[in-house]
Amino acid sequence: MYRSVCTLFLLIAASIGSTISQAQSKILTEAAPAAGGFSAARLARLDSSMSYWVKQKWVNGSVVLIARHGKIVFYKAQGYNDPTTKAPLDKTGIFRGASQTKALTTVAIMMLWEEGRFSLDDPVSKFIPTFANQKVLASFNPKDTTYTTVPATRSVTIRDLLTHTSGLGYPAIGPLAESAIYAKGNMTGGVGVKGQTLSDAITRLGNLPLFFHPGEQWKYGLNMDVLGYLIEKWSGLSLEDFFLKRICQPLGMKDTYFNVPPEKGSRLVNFFLGDSTGRIQKQTAVFGGALDMNYPLLKHDYFSGGGGLSTTIYDYAVFLQMLLNGGEYNGVRLLARNTVRLMTMNQIGDLSPNVGDHASDNKFGFGFLVISENGSRFTPSQAGTYSWGGVFSTSYWVDPKEDMLVLIYRQMWGPYVANTDKAFKPLVYQAIND
């Protein structure tokens, strides 16, 4: 009798454990809005708004995917891939993800951390010798671009790179001193790079000055490019192969690439530039012609951990669902749930990330902006929501408390694109109906 009761108890416990595990690990499936706790009538407001944005010529078009409790409740495109010919924007199109690459780099780094390849507080110089004895910019002469430095108060660590507190900057988007020093050092933003190797570039970067002492400020910089190079050193794979073999293939992400295959080239979404008159024109190059917007189709072997990936909104939703599941998707575990917790909590203490609206009220984890309790008063997103995006107008967020992920993809710059961002988030949250 005792043995039978024990056996029954164990079977019940195992069943409960299995149910809990299945509840926590969700696989994306398309479903009616009600299955995800959404109102179909209220989601129709989002659909009509997306159409309105196109009619107002704020954007040529956009693709949106919303999933809650693992149920895809909204997955639609509105607008045109070519407004001139009225060719529709395809929701399965391949978009230039740019800085959305950073999240994959962060996951790759933390996978290697879990394997014991390094400590988060290891100095970068342990692996890249030119990062030893670094200097910090003290003064800059704009007339001849000369500068002076002082010794850094401590070494840059892996943790500093993950949190953008290293003192590194970004070529071309920072202040004059930063842009000039990086230009002289032949440093790039990492996308569409020709004629140099990642190893040479990151080695040179170590010899250039930092723009503040490590750990003293938050500044968006080339941190993820350095981490991408470290992934190559630690794994023995190119960053392209690591992403493919260790992340994309295991998760079933079939349309995420540094080099988009020729047979999928027709799916690369066009890029547009809008102006204040409402004119929207297709662009073959940006930054004064310096960046060919066909770069995903131009075979290259410089893989930037900070940018360069192209992907579909569905592929990236799978990646985000893996994080929302605590590091696992469809039976494949990439990370432990406590590693995901580390990545998506405040890792910068009292510092403030100087990005976005109300920047001083939010925080930064490893690779993600994180909404704080204080910052949540400005948004319907709950505290703990983590997010990022790409320079070509792609964006995403994950709201763990709502068990929800949301993505909006566009491929356009213009004065009115921000209007769609401001309208979008309230339209998503007002449709939740449970």
Side-chain angles (χ1 to χ4, degrees), residues 14-33 35-38 63-75 91-95 97 100-115 231 235 237 239-258 261 264 267 309-344 366-368 386-388 396-407 409:
S15 176
I16 293 172
S18 176
T19 301
I20 292 172
S21 176
Q22 290 173 10
Q24 291 175 339
S25 180
K26 302 177 180 70
I27 301 171
L28 291 178
T29 54
E30 294 193 54
F38 273 78
V63 180
V64 168
L65 189 152
I66 304 169
R68 190 161 179 252
H69 308 321
K71 307 299 183 183
I72 298 174
V73 299
F74 192 95
Y75 178 26
K91 69 180 183 180
T92 68
I94 296 175
F95 288 70
Q100 290 195 193
T101 308
K102 291 177 169 65
L104 272 80
T105 300
T106 302
V107 166
I109 281 289
M110 298 311 289
M111 289 169 70
L112 292 169
W113 174 72
E114 288 187 342
E115 294 171 10
I231 290 167
S235 70
L237 298 171
L239 192 62
E240 178 181 49
D241 283 344
F242 191 98
F243 282 176
L244 179 66
K245 296 175 181 179
R246 298 289 307 274
I247 298 176
C248 296
Q249 287 180 345
L251 294 182
M253 297 168 64
K254 300 176 180 179
D255 291 313
T256 301
Y257 305 98
F258 278 109
K264 296 186 179 182
R267 293 172 56 196
L309 274 183
S310 297
T311 187
T312 61
I313 202 168
Y314 184 87
D315 260 18
Y316 211 88
V318 168
F319 174 77
L320 295 179
Q321 187 66 50
M322 176 274 296
L323 293 172
L324 190 52
N325 286 347
E328 187 270 345
Y329 187 84
N330 198 21
V332 175
R333 179 163 294 281
L334 299 188
L335 294 170
R337 58 183 172 82
N338 276 311
T339 301
V340 176
R341 178 184 61 81
L342 283 175
M343 294 163 56
T344 57
F366 291 161
F368 300 101
Y386 52 96
S387 64
W388 206 244
Y396 67 85
W397 75 83
V398 177
D399 187 332
K401 291 182 181 177
E402 290 289 353
D403 193 23
M404 180 172 70
L405 59 91
V406 182
L407 305 96
Y409 278 18

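These figures come from a predicted structure and were not determined experimentally.
For the pair K91 and Y75, the cation sits on the ring face: its NZ or CZ lies under 6.0 Å from the ring centre, inside 45° of the axis.
Separating the CD1 atom in I94 from the OG1 atom in T256 is a distance of 8.5 Å, to the nearest 0.5 Å. The line from OG1 of T312 to CZ of F95 is 9.0 Å long, rounded to the nearest 0.5 Å.
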With salt bridge (Lys or Arg N to Asp or Glu O under 4.0 Å) as the criterion, how do R246 and E115 come out once you've worked through the C-alpha distance, each side chain's angles and the decisive distance to 0.1 Å? CA-CA 13 Å; R246 298 289 307 274; E115 294 171 10; 2.6 Å; yes

For the pair F243 and Y257, evaluate side-chain contact (heavy atoms from CB on, under 4.5 Å) and give the outcome as yes or no after the intermediate values. CA-CA 9 Å; F243 282 176; Y257 305 98; over 6 Å; no

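At a threshold of 4.5 Å between non-hydrogen side-chain atoms, the residues T311 and D255 do not count as touching. Counting only heavy atoms from C-beta outward, the side chains of Y314 and L65 approach each other to under 4.5 Å. Residues L28 and V318 have side chains in contact (heavy-atom distance under 4.5 Å, counting atoms from C-beta outward). Put simply, the side chain of I27 reaches to within 4.5 Å of the side chain of Y329, judged on heavy atoms.
Remark: the backbone N or O of K254 is paired with a side-chain donor or acceptor of D315 at under 3.5 angstrom. At least one donor-acceptor pair under 3.5 Å links the side chain of R333 to the backbone N or O of G326. A donor-acceptor contact shorter than 3.5 Å is absent between the side chain of T339 and the backbone of L335. With R68 contributing its side chain and F38 its backbone, the two residues share no donor-acceptor pair below 3.5 Å. Under the 3.5 Å distance criterion, the side-chain polar atoms of D399 are matched with a main-chain donor or acceptor of E402.
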Please output the side-chain donor-acceptor pairs of residues 100-110 that fall under 3.5 Å, not counting sequence neighbours, one pair per line with the distance.
residue : atom : partner : partner atom : Å
Q100    : OE1  : T394    : OG1          : 3.0
Q100    : OE1  : S395    : N            : 3.4
Q100    : NE2  : Y409    : OH           : 2.7
T101    : OG1  : A98     : O            : 2.6
T101    : OG1  : G308    : N            : 3.4
T101    : OG1  : L309    : N            : 3.1
K102    : NZ   : S99     : OG           : 2.9
K102    : NZ   : Y170    : OH           : 2.9
K102    : NZ   : Y220    : OH           : 3.0
K102    : NZ   : G306    : O            : 2.7
T105    : OG1  : T101    : O            : 3.4
T105    : OG1  : G305    : O            : 2.7
T106    : OG1  : K102    : O            : 2.9

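Residues A317 and L407 approach most closely at CB-CD1, 3.8 Å, considering heavy atoms. Here the closest non-hydrogen pair linking F242 and M111 is CE2-SD, 4.4 Å.
Between Y396 and Y316, the two ring planes are tilted [angle within 30° to 60°].
A salt bridge links K26 with D403: the distance from a Lys NZ or Arg NE/NH1/NH2 to an Asp or Glu carboxylate oxygen falls below 4.0 Å.
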